[in-house]
Amino acid sequence: MINDINKAKKLAFDTIMKHEKTLCDPSEPFVRVSGYGESSVNLSTKTWCKTEDYWTLYYDIMENVREAFEQND
């Protein structure tokens, strides 16, 4: 996996911004460090979307960010 936290945050942010259901109003998505595991740095995101798109966006982001990390390892 990616060892550079700034690279990981940027990759996650860029992946979220590419999703068609991501909204930037009232604010852009953000990616922040939310905790530390035994061998991980945990990231959290906040992304705006329409209510009816929430679960689609949630699961797509989970999958797409993981795929982006694997492709950039």
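One distance of note links CG of Asn72 with CG of Asp4; it measures 11.5 Å at 0.5 Å rounding. Residue Ser34 holds its OG atom at 5.0 Å from CG of Asn42, rounded to the nearest 0.5 Å. A distance of 4.0 Å separates OG1 of Thr47 from CD1 of Ile61, quoted to the nearest 0.5 Å.
Among pairs with a residue in residues 53-64, those fulfilling side chain to side chain donor-acceptor pair (under 3.5 Å) read His19-Asp60, at least two apart in sequence or across chains. Sorted by first and then second residue, the salt bridge (charged side-chain N to carboxylate O under 4.0 Å, His left out) pairs with a member in residues 38-52 form an empty list; sequence neighbours excluded.
The main-chain N or O of Ile16 is found under 3.5 Å from a side-chain atom of Thr22 such that the two form a donor-acceptor pair. Between the side chain of Ser44 and the main chain of Arg32, no donor-acceptor pair closer than 3.5 Å is present.
Of all non-hydrogen atoms in Leu43 and Phe69, the two that sit nearest each other are CD1-CZ, 4.3 Å. Nearest heavy-atom pair across Phe13 and Val31 is N-CG2, 3.8 Å.
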Check: residues 23-30 side-chain donor-acceptor pairs under 3.5 Å, at least two apart:
{"from": "Ser27", "atom 1": "OG", "to": "Trp48", "atom 2": "NE1", "distance (Å)": "3.0"}

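Contact check for Val65 versus Leu11: no side-chain heavy atoms found under the 4.5 Å cut-off.
Taking a cutoff of 4.0 Å between a charged side-chain nitrogen and a carboxylate oxygen, Asp14 and Lys10 qualify as a salt bridge.
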